[in-house]
Amino acid sequence: MVSLRGIYFVFALFMGSFFGSIFMLSPFLPLMFLSPSWYRWITDRIVATWLTLPVALLELVFGAKVVITGDGFIPGERSVIIMNHRTRLDWMFLWNCLLRYSYLRLEKICLKSSLKAVPGFGWAMQVAAFIFIHRKWEADKNHFEDMLDYFCDIKEPLQLLIFPEGTDLTENTKARSHEFAEKNGLQKYEYVLHPRTTGFTFVVDRLREGNNLDAIHDITVAYPQNIPQTEKHILNGSFPKEIHFHVQRYPVNSLPASKEELQIWCQQRWKEKEERLRTFYEGEKYFDATRRSKIPPCKSELRVHLIKFLSLLYWTTFSLASCVMLYLYSFVRWYFVLMTFVFVIQEKVFGGLELIELACHRHYTSKSHLDVLPDKIK
């Protein structure tokens, strides 16, 4: 049954992303055509302010507790984050961890391409240059290559979240994982799915070649009780009581050099996750008895609490003010309609703002290369 708490959570996030896309992000869209790197620098920071809102709602309004153990992060480092996909909402809950140990503006997510068409959420994800995939390597490889090369070219620090399992853990996906294990003579897993390693190895190799990778963060997420599997569970008010993250950091110089060895390395991490999660769920339901990370967070709990409070205050006020402005001023309504039209049409015609951003970058890169050619060659 749908709950008022669930409706409030989804409504608050939607209104923030929808009005944020229209009134905070869209004024900077022209900058994409003038300087893609500056456009990326500014919009990453604007999007990061919204990413604090789900954290604030989960912890301040709904009382979710976050427990982080293991190695933690070194703030600002460039990394690939790999995580088990327990629910369809893991990517959002990870922001509770990154707010404390890193900078939310650095994170990019690999997620299914259908999400880019969702009003508000999808528009902001396009502006944020998240990597949308079709889950078919033949269709995704070139896009992966273009996006990763772009981040390397503009030298913007990157923390890229990917789910090697490809989908969340359900009875159906577990059954398919068991079939895969039987065909390949592998162990059957109960708490994770067998990972797909092709995309993972490609991403790591590409970032290493572009000198844009410092470490891999292997994160295991678990929910001691009340696991919200889908968005429907959130609407029903089924919020997690606790979210546990266990972080293991692997410096880039400790990783295997070849793709084959890197695939085996990833498979070994998932074997460890299976054992770690089995111990978690069948035992005391914590990863570490100390319930503390080896590396302290880069922000104090007071600072985190202040950020959450200000985020909740700002986005509530911003959404209400947007509604009032739309009601009072006709030019605001016209701007609202125009930018809604732009967001919808550009995705239908060009495939998304991230693709337009790539095209702008290619244009300026090719132009700069021509500018340095000798006059006789020109």
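If you read the sequence from its start, that first residue is 1, and numbering goes on from there.
Here the two rings, on F163 and F200, have centers that are 6.0 Å apart or farther. F28 has its ring centre no less than 6.0 Å from the ring centre of Y39.
Exactly one residue among F343, F18, F331, Y329 makes a ring pair (Phe, Tyr, Trp, His ring centres under 6.0 Å) with F336. That residue is F18.
S177 and H194 share no donor-acceptor pair across their side chains, judged by distance under 3.5 Å alone. Between the side chains of T220 and R276, at least one donor N or O lies within less than 3.5 Å of an accepting N or O. A side-chain donor from one of N226 and S238 sits under 3.5 Å from a side-chain acceptor of the other. A donor-acceptor contact under 3.5 angstrom links the side chains of E282 and Y191, judged on distance only. There is a side-chain donor-acceptor pair under 3.5 Å between Q229 and D168.
Salt-bridge check for K285 with E242: failed, with every basic side-chain N at 4.0 Å or more from each acidic carboxylate O. Salt-bridge check for E190 with K174: passed, with a basic side-chain N closer than 4.0 Å to an acidic carboxylate O. With respect to D44 and R40, a salt bridge is recorded, a charged nitrogen being found less than 4.0 Å from a carboxylate O. A salt bridge links K308 and E59; the closest N-O separation between the charged side-chain nitrogens and carboxylate oxygens is under 4.0 Å.
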After noting the C-alpha distance and the side-chain angles of S102 and Q159, does the key distance pass the side-chain hydrogen bond (donor to acceptor under 3.5 Å, both in side chains) rule? CA-CA 9 Å; S102 185; Q159 288 181 345; 2.9 Å; yes
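Between F280 and H244, the angle of the ring planes goes over 60°, which puts this pair in the perpendicular group of the 30/60° scheme. Ring geometry for F62 against F239 counts as parallel: the plane angle stays under 30°, on a 0 to 90° scale with 60° as the upper cut. In this pair, W91 and W95 present their aromatic rings perpendicular. The plane angle is above 60°, beyond the 30 to 60° band. Ring planes of F73 and Y101: tilted class, angle from 30 to 60°.
The side-chain heavy atoms of I307 and K299, taken from C-beta on, include a pair separated by under 4.5 Å. Using a 4.5 Å heavy-atom threshold, the side chains of L160 and C110 count as touching.
Linking Ile, Leu, Val, Met, Phe, Trp and Tyr whenever their side-chain heavy atoms come within less than 4.5 Å leaves L313 and L320 in two separate clusters. Note: the hydrophobic cluster containing W123 also contains F341 (ILVMFWY, side chain heavy atoms under 4.5 Å, direct or indirect links).
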